[in-house]
Amino acid sequence: MAGDVRLLNTGQLLELSRRLRAAGGAPLRANFQRRIRRAAEPLHRDLQDVMTGMTIRSQGRSTRQGGPSPTTRPLRRTIAEAIRISVRTSGNPGARVWVDKGRLPPDLQDMPKAMNKEPSGRVRHPVFDNPSRWVNTWVTPLWWTNTMRRHESRMRAEVLRITDDIRRQLGG
């Protein structure tokens, strides 16, 4: 997703990553990575919960149209399962939470971004890939952005606490 958020404090994390590598402390590096992941996991779970609990409202069906959906794929659960988390302790250290488009079917790869970008929550899309029939669907607006904002200060404080702890363990 274009609006991915990276949990980075570049200067401190880079310096700490170099010191971990120089100290050769694999257990310390694993501890650092595990704690950074734990700092980002509540955000990851909350994003998945917001997506699976999101209200999606359509404009309704025409009386002459009907029939069962040609797909049984649940939209919200499919997108929630594609929300990923990764942690790096070298190179560009930090945590990253994003929607992995590779885990989404081709027809849904742009849907998380479309669902987040419209302040009104309106998503305009073709009916089952029929380019001549379009409908509006309303979703919880800015679901990704608002969830990120709710977690930002907690994550920054947690990463600062982790870097201070690791720095103390390295002796300086």
Practice item. Might you point out which heavy atoms bring W143 and P112 nearest each other, and give the distance in Å? Key: NE1-O, 3.7 Å

Practice item. Check the hydrophobic clustering (I, L, V, M, F, W, Y; side-chain heavy atoms under 4.5 Å; chains of links allowed) and say if V50 and V99 are grouped together. Key: yes

Practice item. Could you go through the side-chain contact (heavy atoms from CB on, under 4.5 Å) check for L104 and M111 one step at a time? Key: CA-CA 9 Å; L104 291 172; M111 188 58 74; over 6 Å; no

**Study point:** Which residues share a side-chain contact (heavy atoms from CB on, under 4.5 Å) with R76, sequence neighbours left out
**Key:** M51, M54, I56

Review point. Are the side chains of R34 and V87 in touch, meaning some heavy atoms are under 4.5 Å apart?
Key: no

Review point. Roughly how far, to the nearest 0.5 Å, is the CE atom of M155 from the CD1 atom of I162?
Key: 10.5 Å

Check your understanding: Does atom CG of N146 have more than 12 heavy-atom neighbours, drawn from other residues, nucleotides or ligands, at distances under 6.0 Å?
Key -> yes

Review point. About how many Å separate CG of L43 and CD1 of I85, when rounded to the nearest 0.5 Å?
Key: 7.5 Å

Check your understanding: Under a 4.5 Å side-chain heavy-atom rule over Ile, Leu, Val, Met, Phe, Trp and Tyr, are I79 and V123 clustered together?
Key -> yes

**Study point:** From CA spacing to verdict: side-chain contact (heavy atoms from CB on, under 4.5 Å), D165, R168
**Key:** CA-CA 5 Å; D165 287 351; R168 263 194 309 281; 2.3 Å; yes

Exercise for review: Mind listing the closest non-hydrogen atom pair of S86 and W98 along with its distance?
Suggested key: OG-CZ3, 3.5 Å

Practice item. Please report the closest heavy-atom contact between P74 and T78, naming both atoms and the distance. Key: O-OG1, 2.6 Å

Revision key, fill the gap. Only residue of R156, R149, R154 satisfying salt bridge (charged side-chain N to carboxylate O under 4.0 Å, His left out) with E152 is R156

Check your understanding: From T140 OG1 over to R57 CZ, what is the distance, rounded to the nearest 0.5 angstrom?
Key -> 10.0 Å

**Study point:** Side-chain donor or acceptor of D100 paired with backbone N/O of R84 under 3.5 Å
**Key:** no

**Study point:** From NZ (K101) to CG (L108), nearest 0.5 Å
**Key:** 11.5 Å

Practice item. Measure the NE2-CG distance between H151 and D46 for me, rounded to the nearest 0.5 Å. Key: 3.5 Å

**Study point:** Crowding at CZ, R150 (>12 non-hydrogen neighbours, <6.0 Å)
**Key:** yes

Exercise for review: Walk me through it: do R88 and I36 pass the test side-chain contact (heavy atoms from CB on, under 4.5 Å)?
Suggested key: CA-CA 9 Å; R88 292 180 50 157; I36 293 291; over 6 Å; no

Point to revise | Distance in Å, E158 CD paired with L160 CG, rounded so as to fall on 0.5 Å steps | key: 10.0 Å

